[in-house]
**Student:** 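If you scroll down you'll find the structure; I have some questions about it.
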Amino acid sequence: LDFIPRISPHYSAPLHLQPLVERLERIPAEEMRLIVSVPPRHSKSETLLHFMAHYLARHPEKRIAYASYAQTFSETQAIKAHRYAKAAGVNENPAMRNRKDWQTVEGGGIFATGVGGEFTGRGADLLIIDDPVSNREQADSPTYRDKTWAWYEDVAETRLEPGASVVVLMTR
């Protein structure tokens, strides 16, 4: 909780998310499957982005796959996590830095994709799915839900390394 305001002084510690933060901090020592539902504008995504930086600062060899409802949004969020990681002292590999995939010197880093997007050739020690649906229409669509679940089972889950954790974060 103290990491967030230290890296981003304009944010305060999200004390209301303390149960989530406590579970996140047990990764990678403990394999996790977390599904989190929080109302809009309650700092859930910012908390996860800061966690990604904190995780890489402690484990720079680990690979994080970050997915959201759209590729461009995932890339934008990954850029923020990259900025937080640099502020936390994570050393990036200068040869591997772009919007979609950036790596640490130790071979870890963040790969961003959209739900339904490609994941080929990449493994993940941590998979974060942040808001897999963008609006009520998608949330209410059995077709969209089935397509998202199929992507998770057939693509994302098959790329998890042994002992990997998964965090799914959604807006109620």
Side-chain angles (χ1 to χ4, degrees), residues 1 3-4 7-8 11 13-14 16-28 31-57 59 62-85 87-88 90 98-102 108-119 122-141 144-161 164-172:
L1 291 172
F3 180 82
I4 293 172
I7 296 301
S8 301
Y11 288 121
H16 60 289
L17 296 176
Q18 185 168 353
L20 169 62
V21 171
E22 288 172 356
R23 284 166 183 79
L24 292 173
E25 288 179 343
R26 295 195 325 237
I27 298 170
E31 184 177 325
M32 295 270 172
R33 296 294 186 268
L34 297 174
I35 298 175
V36 183
S37 178
V38 179
R41 311 301 303 160
H42 276 69
S43 302
K44 62 189 181 306
S45 292
E46 282 298 329
T47 298
L48 272 185
L49 297 175
H50 281 84
F51 169 69
M52 291 162 60
H54 186 259
Y55 179 80
L56 287 175
H59 308 282
K62 298 291 187 180
R63 294 287 300 154
I64 301 170
Y66 179 88
S68 192
Y69 61 86
Q71 177 72 42
T72 53
F73 182 74
S74 294
E75 291 173 6
T76 300
Q77 295 293 77
I79 289 169
K80 288 170 80 173
H82 177 221
R83 189 170 61 242
Y84 300 152
V90 174
N98 62 50
R99 291 177 59 94
K100 186 176 179 179
D101 187 2
W102 66 269
I110 298 174
F111 168 71
T113 190
V115 168
E118 61 140 282
F119 218 120
R122 300 178 188 331
D125 300 293
L126 173 61
L127 170 61
I128 296 178
I129 302 173
D130 184 4
D131 283 331
V133 297
S134 67
N135 56 46
R136 171 62 84 183
E137 180 181 0
Q138 286 182 350
D140 288 342
S141 166
Y144 188 83
R145 289 194 310 263
D146 290 346
K147 185 177 170 183
T148 301
W149 182 248
W151 171 82
Y152 174 77
E153 286 187 309
D154 298 340
V155 178
E157 189 175 43
T158 64
R159 304 308 194 272
L160 297 176
E161 298 291 347
S165 292
V166 179
V167 179
V168 179
L169 188 68
M170 297 179 282
T171 301
R172 289 194 238 171

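These numbers come from the heavy atoms of this one structure, side chains and all, not from hydrogens, waters or symmetry mates. Just so you know, residue 1 is the first one in the sequence shown, and it goes up from there.
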**Student:** Would you name the heavy atoms of L34 and R23 that are closest together and state the gap between them?
**Tutor:** CD2-CD, 3.8 Å
**Student:** Using a strict threshold of under 4.0 Å (side-chain N to carboxylate O), is an ion pair present between E161 and K62?
**Tutor:** no
**Student:** Determine whether the side chains of T171 and K44 contain a donor N or O and an acceptor N or O closer than 3.5 Å.
**Tutor:** yes
**Student:** Just by modelled atom types, is the G117 backbone N or O under 3.5 Å from a matching donor or acceptor in the W151 side chain?
**Tutor:** yes
**Student:** Is the backbone N or O of A112 less than 3.5 Å from a side-chain atom of S74, with the two atoms forming a donor-acceptor pair by type?
**Tutor:** no
**Student:** Considering only heavy atoms from C-beta outward, does the side chain of T113 approach that of Q71 to under 4.5 Å?
**Tutor:** yes
**Student:** Quick check: do P28 and D125 have side-chain heavy atoms less than 4.5 Å from each other?
**Tutor:** no
**Student:** Assert yes or no for the condition that the ring centre distance of F51 to F3 is strictly below 6.0 Å.
**Tutor:** no
**Student:** Quick one: pull up CD1 in I129 and CG in L48 and give me the separation to the nearest 0.5 Å.
**Tutor:** 11.5 Å
**Student:** Evaluate the ring planes of Y84 and H50, with Trp represented by its six-membered ring, and classify them as parallel (under 30°), tilted (30 to 60°) or perpendicular (over 60°).
**Tutor:** parallel
**Student:** Tell me whether R145 contacts the main-chain N or O of A139 through its side chain, where contact means a donor paired with an acceptor under 3.5 Å.
**Tutor:** yes
**Student:** Is the CD atom of E137 crowded by more than 12 outside heavy atoms at less than 6.0 Å?
**Tutor:** no
**Student:** Flag the pair L17 / H42 as yes when at least one side-chain heavy-atom distance between them is below 4.5 Å, and no otherwise.
**Tutor:** no
**Student:** In terms of the angle between their ring planes, are F73 and Y69 parallel, tilted or perpendicular, with boundaries placed at 30° and 60°?
**Tutor:** parallel
**Student:** Please say whether more than 12 non-hydrogen atoms of neighbouring residues, nucleotides or ligands are located less than 6.0 Å from CZ in R136.
**Tutor:** no
**Student:** Identify the heavy atoms of A65 and F119 that sit nearest to each other, and give their distance.
**Tutor:** CB-CZ, 3.2 Å
**Student:** Measure the shortest side-chain to side-chain distance between S68 and Q77 over non-hydrogen atoms and say whether it is less than 4.5 angstrom.
**Tutor:** no
**Student:** With heavy-atom distances below 4.5 Å as the criterion, would you say the side chains of M170 and I35 are in contact?
**Tutor:** yes
**Student:** Could you check whether any side-chain heavy atom of I7 comes within less than 4.5 Å of a side-chain heavy atom of R83, counting everything from C-beta outward?
**Tutor:** no
